[in-house]
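In what follows, chains carry the letters A, B, and so on, assigned in the order in which the sequence lines appear, proteins first and then strands, with residues in each chain numbered from 1.
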There are 2 protein chains.
Amino acid sequence: MVNSRTKLLDAAKQLVWDRGVEATSPNMLLARSGVGQGSLYHHFGTKAAWAGAAIAALAADLTAETDELFSAHPTGADRLRAYLSKPRAALDGCRLGRLAFDPEVRSNDTLRAPIRAYLEHLRARLREAVREVDTVDDVDGVVEAICAVVQGGYVTSRLSDDAGALERACGGLLALLDIRPDQQET
Amino acid sequence: MVNSRTKLLDAAKQLVWDRGVEATSPNMLLARSGVGQGSLYHHFGTKAAWAGAAIAALAADLTAETDELFSAHPTGADRLRAYLSKPRAALDGCRLGRLAFDPEVRSNDTLRAPIRAYLEHLRARLREAVREVDTVDDVDGVVEAICAVVQGGYVTSRLSDDAGALERACGGLLALLDIRPDQQET
DNA sequence: GTCTATAAGTGGATAGAC
DNA sequence: GTCTATCCACTTATAGAC
């Protein structure tokens, strides 16, 4: 059996992904984790404590997944293709990006820090890869466009209830980068 | 003097842009509008009523602004350049896009409808413009990428507290489209 | 560590006077 | 149309027993 702290953290990660911080209440966390109220306030003294732990854990997961994906491919073009073709749960939103407009995240630097750090890490990895693609002049612009297309794809998919929107956006960007979606570079 | 209904609607638009629906309370609306509680519940019977009116008004504003911008330019390339170079309050977020992950918007089709309609309208205008650009094969993909870069630029700007992120992302996409940021097409 | 009980404050709304 | 008073559920804890 898993301990209460682990159950709480797992439930908090799911809820923060699903609803954000502002819209998640301690009661929801108790219900989803199956843990008693006493245990919650024993392990995490405040809402910010468990929300912060959940965000930090989500950021660690995403960072690991990103590094794994980049390591699995040798060249910059391969890495960009892999990053932009990777299957994503478009309607669920990005675990971290969905928090951009959460008032409770916005007003608490401790909650925001892991998100900023992940985004910086992603930009750095993308920058290395984009630099290898000769056809690109505006490296920083293209890096930023890649981040934005993914984040924005989640947004437009959700708004139009169409998981395909994110895929099409990524495909469109790949085409503009002149990296074929499903084919190895020479 | 403006009437109470107008004051309420203006305040609701600001609050919905600023905080979303879930995180905005009737009390905040009273405080910002300067109107009494009785008037609020006279003009709008429920929270969904004023939130819906605010969203519909924001959507109407955005649609008008978009049409105005497109009308001001003759060719597809001009229109895309104008759309992607337009000054935006990156840190404030898109008035409608910021609602994509608001639980209260998500669970209420009446609130979502004007947002979906605006996005569809925007896609249609972009599609006309992109079709005029010969170098683009994947029209739908590029249309989707343009929507996503703008929406995602708002997200990454907010997350990194850097208004420049949105601008750089739009600039990067313009470069990939091979439309110069500040120069007329022949 | 976990439980139940309690509580101050807010959210969203209704009632009824003016 | 606008006001004040009131209401019940929920949020975010704290208290203290086990």
Side-chain angles (χ1 to χ4, degrees), chain A residues 1-57 99 101-112, chain B residues 1-57 99 101-112:
Chain A
M1 172 202 166
V2 221
N3 62 28
S4 288
R5 203 197 144 86
T6 307
K7 284 195 209 164
L8 285 165
L9 185 53
D10 286 349
K13 286 168 72 176
Q14 286 186 54
L15 284 165
V16 166
W17 186 358
D18 227 52
R19 307 183 45 85
V21 176
E22 169 98 29
T24 298
S25 74
N27 273 341
M28 294 174 194
L29 181 55
L30 296 179
R32 169 121 21 161
S33 64
V35 156
Q37 199 164 13
S39 306
L40 168 58
Y41 283 96
H42 174 71
H43 290 292
F44 299 101
T46 65
K47 184 181 179 182
W50 52 262
I55 291 174
L99 300 174
F101 297 102
D102 188 306
E104 219 158 322
V105 174
R106 199 83 215 304
S107 61
N108 182 331
D109 278 339
T110 308
L111 298 186
R112 297 178 54 194
Chain B
M1 170 204 167
V2 221
N3 62 27
S4 290
R5 202 198 145 86
T6 307
K7 285 193 208 166
L8 284 165
L9 186 54
D10 286 349
K13 286 169 72 177
Q14 285 186 53
L15 284 165
V16 166
W17 187 357
D18 226 53
R19 309 183 43 85
V21 176
E22 169 98 30
T24 299
S25 74
N27 274 341
M28 294 174 193
L29 181 55
L30 295 179
R32 168 120 21 161
S33 65
V35 155
Q37 199 163 14
S39 306
L40 168 57
Y41 283 96
H42 174 71
H43 290 292
F44 299 101
T46 64
K47 183 181 180 183
W50 52 261
I55 291 174
L99 300 174
F101 297 103
D102 188 305
E104 219 158 323
V105 173
R106 197 84 215 304
S107 62
N108 183 330
D109 279 339
T110 308
L111 298 186
R112 297 178 54 195

Nearest atoms (heavy-atom pairs only) where [X] meets [Y]:
X: B:Ala51; Y: B:Val21; result: CB-CG1, 3.8 Å
X: A:Phe44; Y: A:Ala53; result: CE2-CB, 3.9 Å
X: A:Arg32; Y: A:Asp18; result: NH2-OD2, 4.2 Å
X: A:His43; Y: A:Leu8; result: CD2-CD1, 4.1 Å
X: B:Ala12; Y: B:Leu29; result: N-CD1, 3.6 Å

With respect to the phosphate group of D:dT11, does any side-chain polar atom (N or O) of A:Asn27 fall under 4.0 Å of OP1 or OP2?
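Yes, A:Asn27 has a side-chain N/O under 4.0 Å of OP1/OP2 on D:dT11.
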Can you tell me if A:Ser25 touches the phosphate of D:dT11, counting only side-chain N or O atoms and a distance under 4.0 Å to OP1 or OP2?
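Yes.
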Would B:Arg112 and B:Asp109 pass as an ion pair if we require N to O under 4.0 Å?
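Answer for the salt bridge query: yes.
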Provide, to the nearest angstrom, the distance between the [atom1] atom belonging to [X] and the [atom2] atom belonging to [N].
X: B:Lys7; N: D:dG1; atom1: NZ; atom2: P; result: 14 Å
X: A:Arg5; N: C:dT2; atom1: CZ; atom2: C1'; result: 16 Å
X: A:Leu29; N: D:dT12; atom1: CG; atom2: P; result: 11 Å
X: B:Leu30; N: C:dG12; atom1: CG; atom2: C1'; result: 11 Å

Could I get the full list of salt bridge (Lys or Arg N to Asp or Glu O under 4.0 Å) partners for B:Arg19, not counting sequence neighbours?
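Residues passing salt bridge (Lys or Arg N to Asp or Glu O under 4.0 Å) with B:Arg19: none at all.
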Mind running a 4.0 Å heavy-atom check of residues 33-52 of chain B against DNA chain D and sending the residues that fall below it, in number order?
B:Gly36, B:Gln37, B:Gly38, B:Ser39, B:His42, B:His43
Do any of residues 13-21 of chain A sit with a heavy atom less than 4.0 Å from DNA chain D, and if so which?
none
Out of the candidates A:Val16, A:Ile55, A:Leu99, only one should pair with A:Leu111 under the side chain to side chain contact (heavy atoms under 4.5 Å, CB included) rule; please name it.
A:Ile55
